[in-house]
Number of protein chains: 2
Amino acid sequence: MREGPDIARIASLVGDPARANMLNALMGGTALTASELALEAGVSLPTASSHLSKLMEGGLLTVASQGRHRYYGLAGPQVAGMIEAITGVAEAVGPKRVRPGPRDGAMRIARVCYDHLAGERAVAMLDRLVDKNILVRDGQEIRLGPSAASHFAAIGIDVYTKPRRPVCRACLDWSVRRSHLAGTLGAAILDKILAEKWARREKDSRAVVFSPPGKQAFERVFLG
Amino acid sequence: MREGPDIARIASLVGDPARANMLNALMGGTALTASELALEAGVSLPTASSHLSKLMEGGLLTVASQGRHRYYGLAGPQVAGMIEAITGVAEAVGPKRVRPGPRDGAMRIARVCYDHLAGERAVAMLDRLVDKNILVRDGQEIRLGPSAASHFAAIGIDVYTKPRRPVCRACLDWSVRRSHLAGTLGAAILDKILAEKWARREKDSRAVVFSPPGKQAFERVFLG
DNA sequence: CGCATGGTTTGATCCTCATCGAAACATTCT
DNA sequence: AGAATGTTTCGATGAGGATCAAACCATGCG
């Protein structure tokens, strides 16, 4: 009956279906209002509000009040990583995989993980960037290589403008069980992909689907 | 109200204090009997049995019957990784850190993570092994370097005898937020450390405490 | 065999917590 | 100011599930 950090408290927060749905929705990276989350979770507004305050108190969420809207978002990358880890286990032990459906395939290839790209394509990208010595792995940390600044500047990404969070971080991928790129650079790359319309977010899903020309452009820039 | 893998189901399994205590105990790596786990969780035997069957059904545990004993253990490294991830969040958001006590410090330095060593000392070891090119990072995977076989053979660890699991794996450390070494090699090294009596398991804890000469020996072999 | 020990099943109890309707509060728009 | 929309609080209801005592299996020992 030893006592460590209160793991049961955190897990039970995620353990309610309504709250799990909310967190899943927030894994999309965009902050959502209480009403949107209520809809997402399939519960009434008061119920959702109650859940949200519990998640807030548990430190899993942050909120930004803008006028009469309150935008809820995940508290940070660590929380996102935890959700991914739980998802991985659920995926592995879940015998309920009745419909591996097309959307599921799309998720494996590319999806949003909090604020950056995940999935096979993202894993391949990080591998290639490390191969080309543009990024350098240093344990769990990832550092910028000598040619990083010029390389990313060439495609319109300034790696020095957002000093708050670490620029690069590794994030474990639940579908491939390898790392992909997180941090501000990861976020900037996802922005770029969406801004250039190389890919679009699937409606009501974390899946990211590339158009054929978009896929080519992505491969030319990041896998070439 | 999209439906992914059943994350709430898994999280709610971990979300009960009794079950969380059991899982925590099993993070020590050794399989335990139902009675031991009941004691660990602070509940009666029937209650524990009920919890254990739930965890089994959820796919988080495996059991091995030996005579009239039933030894329960974690289902695999992925489950262990999930627990570590949840622990990390609980640690981060937990304002309840009333007593950072000495045992907590020992845990940060070195502890057992399922079947291998974790903590600052383990992170330092992996860094050094990679620096010396004995191991080679390849994304989340870790491969053996050219001199690996001879290097480990010299200290009595045969890296080719256990082909079932991957030899090396990276595992994210919750206290340092960097990777340490898992896989069969990680397990073999922990075995070595305990066999040579360089360190001993703290009673009723995951902490691993090195004796002064043991620490020197460890540093000579793995950090030299 | 019969007895002890480890483990599970059953049944009953109790309590937490998810849920929603109604009302209160807040903010923005007209 | 008043209406409309977004959000939280309050109160009551209900269901799920954690708990243990007692009875029930199973294995090992003499």
Flag side-chain contact, heavy atom, 4.5 Å: B:Ile189 against B:Leu117: no

Any residue meeting salt bridge (charged side-chain N to carboxylate O under 4.0 Å, His left out) with B:Arg201, in chain and number order, not counting sequence neighbours: none

Touch class at under 4.0 angstrom, heavy-atom based, for B:Ser53 against every strand present: nothing

Atom-pair distance (CZ on B:Arg9; C1' on D:dG16), nearest Å: 16 Å

Touch class at under 4.0 angstrom, heavy-atom based, for A:Tyr71 against every strand present: nothing

Protein-nucleotide distance (A:Leu55, atom CG; D:dT7, atom P), rounded to Å: 16 Å

Protein-nucleotides 12-14 of chain D N/O pairs closer than 3.5 Å?
none

B:Met22 CE to D:dA18 C1', straight-line distance once rounded to whole Å: 12 Å

Set of ring-ring contact (aromatic ring centres under 6.0 Å, His included) partners for A:Phe152, sequence neighbours left out: none

Rounded interatomic separation in angstrom, taking CG from B:Leu37 and P from C:dG7: 9 Å

Atom pair distance, as rounded to whole Å: CD in A:Glu57 and P in D:dT9: 11 Å

All side-chain contact (heavy atoms from CB on, under 4.5 Å) counterparts of B:Ser44, not counting sequence neighbours: B:Pro46, B:Thr47

Whole-Å distance separating the CG atom of B:Leu52 from the C1' atom of C:dT9: 14 Å

N or O in side chain of B:Tyr72 less than 4.0 angstrom from C:dG6 OP1/OP2: no

Do any N or O atoms of the protein come closer than 3.5 Å to N or O atoms of nucleotides 16-22 of chain C, and which pairs are they?
| residue | atom | partner | partner atom | Å |
| --- | --- | --- | --- | --- |
| C:dA18 | OP1 | A:Arg19 | NH1 | 3.4 |
| C:dA18 | OP1 | A:Arg19 | NH2 | 3.1 |
| C:dA18 | OP2 | A:Lys54 | NZ | 3.4 |
| C:dT19 | OP2 | A:His51 | NE2 | 2.5 |
| C:dC20 | OP2 | A:Ser44 | N | 3.0 |
| C:dC20 | OP2 | A:Ser44 | OG | 3.2 |
| C:dC20 | OP2 | A:Thr47 | OG1 | 3.0 |

Set of side-chain contact (heavy atoms from CB on, under 4.5 Å) partners for B:Thr33, sequence neighbours left out: B:Ser35, B:Glu36, B:His69, B:Tyr71

Test side-chain contact (heavy atoms from CB on, under 4.5 Å) applied to B:Leu37 - qualifying residues, sequence neighbours left out: B:Met22, B:Ala25, B:Leu26, B:Leu32, B:Leu52, B:Tyr72

Are any protein N/O atoms closer than 3.5 Å to N/O atoms in nucleotides 26-30 of chain D? If there are, list each pair with its distance.
none

Side chain to side chain donor-acceptor pair (under 3.5 Å) involving B:Lys54 - partner list, sequence neighbours excluded: B:Ser50

Any residue meeting side-chain contact (heavy atoms from CB on, under 4.5 Å) with B:Lys215, in chain and number order, not counting sequence neighbours: B:Arg121, B:Phe210, B:Glu219

Derivation of the salt bridge (charged side-chain N to carboxylate O under 4.0 Å, His left out) call for B:Glu57 and B:Arg9: CA-CA 11 Å; B:Glu57 193 172 2; B:Arg9 181 177 138 80; 5.7 Å; no

Gap separating the CE atom of B:Met82 from the CD atom of A:Glu84, nearest 0.5 angstrom: 14.0 Å

Distance below 4.0 Å between A:Arg70 side-chain N/O and D:dT8 OP1 or OP2: yes

Partner set under side chain to side chain donor-acceptor pair (under 3.5 Å) for B:Ser12, not counting sequence neighbours: none

